[in-house]
Amino acid sequence: MKTPPRALPPGLLTGGAVCFTVFAWASAFVSIRSAAAAYSPGALALGRLLAASLVLVVLLLLRREGLPPRGARRGVLLSGVVWFGGYMVALNWGERLVDAGTASLLVNTGPILMALLAARLLGEALPPRLLMGTAISFAGAVVVGLSMSSGSGGSTSVLGVALYLLAAVAYATGVVAQKPALSYGTPLQVTTFSCLTGAVACLPFTGQLAAEIPRAPLSATLNMIYLGVVPTALAFTTWTYALARTPAGKLGATTYAVPAIVVLLSWFVLDEVPAWLTLLGGLLCLIGVAISRYRPRAERDAAGRPDAPEPRPVDSPTRQRTSP
């Protein structure tokens, strides 16, 4: 009798989802540099969300998953408007007004805000390892930001700083809103309808998008589509899969790996050789992420016991959960 294949451990699946998300989001910063040269902030956000919505709706139909349960809809609405819509417009707009170094510093306040909001609103713990790892990673982000600052040639403005701070708050708020929604809806449901909500919120930019598409070079349009398919549709789905199984504060700390990966991608893809200070900052970011996600052996052994499984979303008694 043939032995059925063993399923992958839940922890390995979660780790793979986190790694894919981080690499996809890092690649987005490289693609945005091309697309933003031809598309205005609102038009780029709308085009990205429309491409992502198309992919997500197809996946939702193939999976035969319907509307998210009522308990998930408030979180979906909030994360859709604030994170998928507002965050992307603010990020695209701020990039035109703030130099890269300042931008990286401001956006990386998001994971700190996320951990604090999750502790205050969701009752999540702030263990010393998470606080230490977050502090080290933020220090690395500061080093990366300082090394990338363009000095007198930069174009930092008060409006640009405000937009990036707004983006960081929207990012943290969207994640904290998604966490309880995942107790009712599946990751694909939450991601799809959050993305659709964000696209609806960006519909006022339809005229700009329609006017800019004919004038934009093909490379910029392809980058916009890539932003919608990979960093948005696929990576946001793997993010919600991991978020359903990981505390929001701890998962947010992993995004500190993004600046380090952006530095490496810019080095290999754009031939932008980083300074030694930039490499040092990227290394600090990765060290901080490793510390924040480290679990002593006793905790790992306890998590592996049948009586202590990895945390999972709480299923609503009114629905039948489909596997993500």
Is [X] linked to [Y] within one hydrophobic cluster, defined over Ile, Leu, Val, Met, Phe, Trp and Tyr using a side-chain heavy-atom separation of less than 4.5 Å?
X	Y	answer
Val229	Val57	yes
Trp239	Leu78	no
Leu49	Leu59	yes
Val169	Val82	no
Phe84	Leu188	yes

Roughly how far apart are [X] [atom1] and [Y] [atom2], rounded to 0.5 Å?
X	Y	atom1	atom2	value
Trp93	Leu166	CH2	CG	10.0 Å
Phe193	Ser53	CZ	OG	10.5 Å
Leu209	Leu203	CG	CG	10.5 Å
Leu50	Thr206	CG	OG1	7.5 Å
Lys179	Thr240	NZ	OG1	11.0 Å
Phe20	Leu234	CZ	CG	5.0 Å

Heavy atoms only: give me the nearest [X]-[Y] pair and the separation to one decimal.
X	Y	result
Gly185	Pro69	CA-CD, 3.9 Å
Cys202	Gly85	SG-CA, 4.1 Å
Gly47	Met224	CA-SD, 3.7 Å
Ala199	Leu46	O-CD1, 3.7 Å
Val18	Ala242	CG2-CB, 3.7 Å
Ser27	Tyr226	OG-OH, 2.8 Å

If we ignore angles and hydrogens, is there a donor and acceptor under 3.5 Å between the side chains of [X] and [Y]?
X	Y	result
Glu212	Ser40	yes
Thr232	Arg48	yes
Thr191	Tyr241	no

(message) I'd like to know whether CZ of Phe23 has more than 12 heavy-atom contacts from other residues, nucleotides or ligands below 6.0 angstrom.
(response)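 Not more than 12 within 6.0 Å, no.
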
Would you check if [X] and [Y] make a side-chain contact, meaning some heavy-atom pair closer than 4.5 Å?
X	Y	value
Val190	Leu243	no
Thr192	Leu196	yes
Tyr171	Leu91	no

(message) Is there a side chain to side chain contact (heavy atoms under 4.5 Å, CB included) between Tyr39 and Thr221? Walk through the geometry before answering.
(response) CA-CA 9 Å; Tyr39 289 99; Thr221 302; 2.7 Å; yes

(message) Taking the ring of Phe236 and the ring of Trp25, is the distance between their centroids below 6.0 Å?
(response)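 Ring centroids of Trp25 and Phe236 are less than 6.0 Å from each other.
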
(message) Tell me whether Gln189 contacts the main-chain N or O of Thr186 through its side chain, where contact means a donor paired with an acceptor under 3.5 Å.
(response)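 Looks like yes, one N/O pair under 3.5 Å.
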
(message) Tell me whether Gln178 contacts the main-chain N or O of Gly75 through its side chain, where contact means a donor paired with an acceptor under 3.5 Å.
(response)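 Absent.
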
